[in-house]
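Let me begin by presenting the structure, written as structure tokens, before commenting on it.
Atoms within a ligand are numbered from 1 in the order they appear, just like the ligands themselves. FYI, side chains are in, hydrogens and waters are out, and symmetry mates aren't considered; it's all heavy atoms of this structure. Worth saying up front: this structure is predicted, and the values here are computed from it rather than measured.
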Amino acid sequence: MPSRRIKDGVYSVGAIDWDRQIFDELIPLPQGTSYNSFIVQGSEKTALIDTVDPSKTQILLDNLEELDLSIDYIIANHGEQDHSGSIPIILKNHPDALIITNSKCKELIKYFLLIPEEKFITVDDGEQFSLGNKTLQFIYTPWVHWPDTMVTYLVEDKILFSCDFFGSHLASSELFVSPDSIHIPAKRYYAEIMMPFRSMIRNNLHKLKDLEIDIIAPSHGPLHSDPQIIMGLYNNWASDKTSEHVLIPFVSMHGSTNIMTNYLVEALIKRNISVKPFNLAHTEVGEILMDLVDSSTIVLASPTVLTGPHPLMANAAYLINALRPKLKYGAIIGSFGWGSRMEEELKNMLHNLKLEYFESVLIRGLPREEDFRELDKLADKIQEKLQELDNQS
Ligand code: FEO
């Protein structure tokens with residue numbers, strides 16, 4: 001990606017990663033990503049805001065060479081290497097440059113990148129720093145995504161450089177978000193990266209609410225020229241409000257759990273309840289995580305393998321527990337051959353979630369008529385609870 005002007009003295013100099021398919025060897029990136037980096041050129045000094053993933057350092061270097069600038073400061077909003085990883089090479093090329101960051105981020109960068117103490121300037125929450133005719137203000141926003149995260153506000157131009165906050169894993173030639181196309185990538189990003197930190201996100205949104213912002217420039221995905229859209233989405237996702245939607249991650253080995261899942265899905269549809277099954281053997285995990293962002297109810301459907309849940313279900317339960325979605329209700333259904341401790345094991349795995357559980361439906365072998373009646377009862381109970389939720393909203 002070539003460098004692009006955002007406003008006078010403000011340039012985007014980062015890199016698009018069109019081909020990256022997975023992040024942290026965990027998070028699928030069906031639409032690639034970008035590592036955005038920005039230049040703010042003041043009348044006296046020039047700052048580089050965040051860098052790029054080490055795999056794309058050369059693109060950043062080419063963009064900086066094209067602008068022919070001397071960098072005085074590197075602003076590190078976050079220590080994760082997709083933003084900090086090119087700092088050592090920038091320091092090599094601009095040996096007088098200093099890193100401006102907060103104390104937590106400094107500690108991370110020192111250890112991850114082996115940069116000596118004397119290269120850092122540490123700033124406090126709310127502190128301002130002059131580049132001449134442009135002023136940077138640093139605002140601590142912990143846990144979007146690590147404890148070290150902060151955002152940088154360019155006072156005169158009303159631009160918020162938000163690093164991971166408000167980002168999306170979307171490789172796009174568009175510098176600014178198209179409002180029609182950002183909802184899904186932003187929601188996927190929120191689900192995969194931000195969801196565990198809901199209460200901290202609410203605090204950070206509150207902290208930013210009085211700031212006059214014309215542009216939000218995150219370090220992944222396109223920029224937001226209408227900040228209210230993405231901030232509104234975050235306010236909604238991070239709130240306690242859930243939708244009357246049921247998701248059913250399921251896996252089946254010999255068909256019993258599949259029959260149960262299909263039956264329950266139809267029973268819920270008959271009751272006008274929004275429901276979506278996800279076959280764990282085929283579904284890309286990001287699809288499930290997006291559905292978790294605002295759903296109220298989850299039904300885990302699995303056969304028993306060696307007394308516990310199928311490993312695909314155990315893996316999903318581990319991830320769901322770690323990401324702490326705002327689910328309210330849960331149920332476990334599935335099958336076994338000669339015995340099962342699946343219910344107890346799955347509930348233990350989901351210990352972070354404060355779920356109110358419906359009675360489990362666990363059957364031996366293929367479902368019989370009385371088992372279908374139990375699934376009908378489960379559908380009735382779910383309907384009852386979702387009706388209560390609806391009445392409360
Ligand atoms: Fe994009 Fe937490 O790094």
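Side-chain N/O atoms of Ser86 and Thr57 include a donor and acceptor closer than 3.5 Å.
Among the backbone and side-chain atoms of Cys163, none of the N, O or S atoms lies under 2.8 Å from atom 1 (Fe) of ligand 1. Taking backbone and side-chain atoms together, His78 has an N/O/S atom less than 2.8 Å away from atom 2 (Fe) of ligand 1.
Rounding to the nearest 0.5 Å places CG of Asp68 at 10.5 Å from CD of Glu66. How far CG of Leu113 is from CG of Leu91: 9.5 Å, rounded to the nearest 0.5 Å.
Taking atom 1 (Fe) of ligand 1 as the apex, the angle formed with NE2 of His83 and OD2 of Asp82 is 90°, to the nearest 10 degrees. Here the angle centred on atom 2 (Fe) of ligand 1, running from OE1 of Glu80 over to OD2 of Asp164, is 170°, rounded to 10°.
Here His169 and Phe23 bring their ring centres to under 6.0 angstrom of each other.
Note: Tyr73 and Phe129 have perpendicular aromatic rings, judged against thresholds of 30 and 60 degrees for the angle between ring planes.
Note on His145: its N/O/S atom closest to atom 2 (Fe) of ligand 1 is ND1.
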